Amino acid sequence: MLFLQNSFFRYLIYGGILFLFSCQKEISKEIPGNKPGDNNSNIGDLLVKTISRVRTDSIVTIYYYDVAKRWTGTSTYGIWGGYSQESRFMIIRNADGIISKIVHKSPVISSYGYDSIHYVVSYDAAQSRYAYIVGYNISTDPTYLDSTVFEYDNSGRVAGKRYYMINLPFMGDTTLAAVFGYNYDTKGNVSSFNITAYNSSSIDNLVTTMRYDDKSAPLQLSNGESFVTGQAGDYAVNNITYHDSRFTNASVYEIQVENKYTYNSNNKPVTSIQTLLHDNNKKIYWEFYYQ
């Protein structure tokens, strides 16, 4: 989240929304050495790896867990768009399993002169829910970067969040950059969300809607952990099959994606074809591995 306000909304769309598809799935391998989807009897529930492919490019993501099988992060590597990709995402939990810190390390972050970005997570023990996140760069001169404050509905689910950014180049002055609002379907999936982004010279509004299948989403996180990590997309019980996002005053979609899956005997995805309808029907092929 190192973007100036005039590029922030573009980042929300292409970085945050497409991540719904890349990491909302708990990917699985049925038996080591076999291709996913072979209907072997030894099928696990725990996501261990995803592979995405476009022509000769591919990205591998490895998932890590603690001894209690709680998600503790991922490492990602490969070639995308002809460029080498490598990053690490780490989740630090306290003795009670509550997320207390999140760490990002990647060449993109390093290009800003930072070793990594650390997000300190505040948990409201009295109400048993996450309250807010504060981000800092880790370098020779650590700097406050941004913060996210969560809002909840009467059922205890995240109903919205407010995102604040440092007002560069004036360090220490923060600005409300965006407000998010979430709606849920009867199964508990996020059916739509709205983003209002406050740019330096305008206010932009984006509306996103999703449709789901009736199968099991692979990565099962609590509602709070889904939003705190930001890596699992929006909290979902099922798998997203269609997603569109557009500005409220626009006649064309900014992003429009369709997903088609094959499933294992646990009704979890083992392969998918993701079609970027907004990008000349570009296809991304996914493999999901469990143990």
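This is a predicted model, so every value here is computed, not measured. Note that the numbering runs from 1 along the sequence shown for the chain.
- A pairwise comparison of heavy atoms in S216 and P269 identifies O-CD, 3.6 Å as the closest pair.
- For E86, the CD atom counts as loosely surrounded, since its 6.0 Å shell holds 12 or fewer non-hydrogen atoms of other residues, nucleotides or ligands.
- The CG atom of N259 lies 10.5 Å from the NE2 atom of H243; values are rounded to the nearest 0.5 Å.
- A distance-only check finds a donor-acceptor pair linking the side chain of D213 to the backbone of K215 [under 3.5 Å].
- Atom NZ of K69 sits about 13.0 Å away from atom CG of L47, to the nearest 0.5 Å.
- Side-chain polar atoms of T61 and T74 form no donor-acceptor pair below 3.5 angstrom.
- In this structure, F89 has its ring center under 6.0 Å from that of H104.
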Determine whether R70 and Y65 satisfy the following criterion, side-chain contact (heavy atoms from CB on, under 4.5 Å), listing intermediate values before the conclusion. CA-CA 5 Å; R70 294 175 299 218; Y65 303 87; 6.0 Å; no
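- R93 places a side-chain N or O within donor-acceptor distance of the main-chain N or O of W71, the cut-off being under 3.5 Å.
- Taking 4.5 Å as the limit, some side-chain heavy atom of W80 sits within range of a side-chain heavy atom of S52.
- Applying the ring pair (Phe, Tyr, Trp, His ring centres under 6.0 Å) test to Y184 and every residue at least two apart in sequence or in another chain returns nothing.
- Under the 3.5 Å distance criterion, the side-chain polar atoms of Y212 are matched with a main-chain donor or acceptor of V190.
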Evaluate the side-chain contact (heavy atoms from CB on, under 4.5 Å) criterion for residues I51 and I59: first the C-alpha distance (whole Å), next the side-chain angles of each, then the deciding distance (0.1 Å), finally the verdict. CA-CA 6 Å; I51 302 176; I59 292 290; over 6 Å; no
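- Put simply, V103 and V120 are part of two different groups of oily side chains (I, L, V, M, F, W, Y) that touch within less than 4.5 Å, one to the next.
- Checking side-chain atoms of T271 against main-chain N and O of W286 turns up no donor-acceptor pair under 3.5 Å.
- Between the D185 side chain and the N189 main chain, a donor and an acceptor come within less than 3.5 Å of each other.
- Under the 4.5 Å side-chain contact rule for hydrophobic residues, I109 and I91 share a cluster.
- Following chains of ILVMFWY side-chain contacts shorter than 4.5 Å, one can reach Y132 starting from L176, so the two form part of one hydrophobic cluster.
- By the 4.5 Å heavy-atom criterion applied to side chains, N239 and Y261 are counted as neighbours.
- Contact detail for A236 and A217: the closest heavy-atom pair is O-CB, 3.7 Å.
- Put simply, the side chain of V48 does not reach to within 4.5 Å of the side chain of I62, judged on heavy atoms.
- Taking the centre of each ring, Y130 and Y123 come in below the 6.0 Å mark.
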Given F247 and I195, is the side-chain contact (heavy atoms from CB on, under 4.5 Å) satisfied, shown in steps? CA-CA 9 Å; F247 295 104; I195 305 173; over 6 Å; no
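- Counting only distance, with no hydrogens or angles, the side chain of N266 and the backbone of K268 share no donor-acceptor pair below 3.5 Å.
- Cluster annotation: V54 and I255 are assigned to the same hydrophobic cluster (Ile/Leu/Val/Met/Phe/Trp/Tyr, side-chain heavy-atom contacts under 4.5 Å, transitive).
- In this model, no donor atom of one side chain and acceptor atom of the other lie less than 3.5 Å apart for T148 and K161.
- Residues R162 and V179 approach most closely at NH1-CG2, 3.7 Å, considering heavy atoms.
- To the nearest 0.5 angstrom, R129 atom CZ is 6.5 Å from Y152 atom OH.
- The shortest non-hydrogen separation linking V158 to N223 is N-OD1, 2.8 Å.
- Side-chain contact annotation: S245 with T208, donor-acceptor N/O pair under 3.5 Å present.
- Put simply, the side chain of T241 does not reach to within 4.5 Å of the side chain of K260, judged on heavy atoms.
- Y119 and M90 end up in different hydrophobic clusters when Ile, Leu, Val, Met, Phe, Trp and Tyr side chains are linked at under 4.5 Å.
- Scanning both residues, I79 and S84, for their nearest heavy atoms gives CD1-CA, 3.6 Å.
- For the residue pair D66 and T72, no side-chain donor N or O sits within less than 3.5 Å of a side-chain acceptor on the partner.
- Looking at E287 and R53, a side-chain N of the basic residue comes within less than 4.0 Å of a carboxylate O on the acidic one, giving a salt bridge.
- Between the side chains of Q256 and Y242, a donor-acceptor pair is found at a separation under 3.5 Å.
- Between atom NZ of residue K283 and atom CD of residue E258 there is a gap of 7.5 Å, rounded to the nearest 0.5 Å.
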Would Y163 and M165 count as a side-chain contact (heavy atoms from CB on, under 4.5 Å) here? Give the steps. CA-CA 7 Å; Y163 178 74; M165 292 182 66; 3.1 Å; yes
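- Inspection of the N205 and T196 side chains reveals an N or O donor paired with an N or O acceptor under 3.5 Å.
- For the atom pair CD of Q274 and NZ of K282, the computed distance is 10.0 Å after rounding to the nearest 0.5 Å.
- Y64 and S75 share a side-chain donor-acceptor pair at under 3.5 Å.
- Between the side chains of N94 and S100, no donor-acceptor pair of N or O atoms lies under 3.5 Å.
- Separation of atoms CD (E225) and CD1 (I99) is listed at 4.0 Å; rounding is to 0.5 Å.
- A centroid separation of less than 6.0 Å is found between the aromatic rings of Y182 and F227.
- Counting all heavy atoms, side chain and backbone alike, K49 lies closest to V60 at CD-CG1, 3.8 Å.
- Contact annotation: the side chain of K105 approaches that of D115 to within less than 4.5 Å [non-hydrogen atoms, C-beta and beyond].
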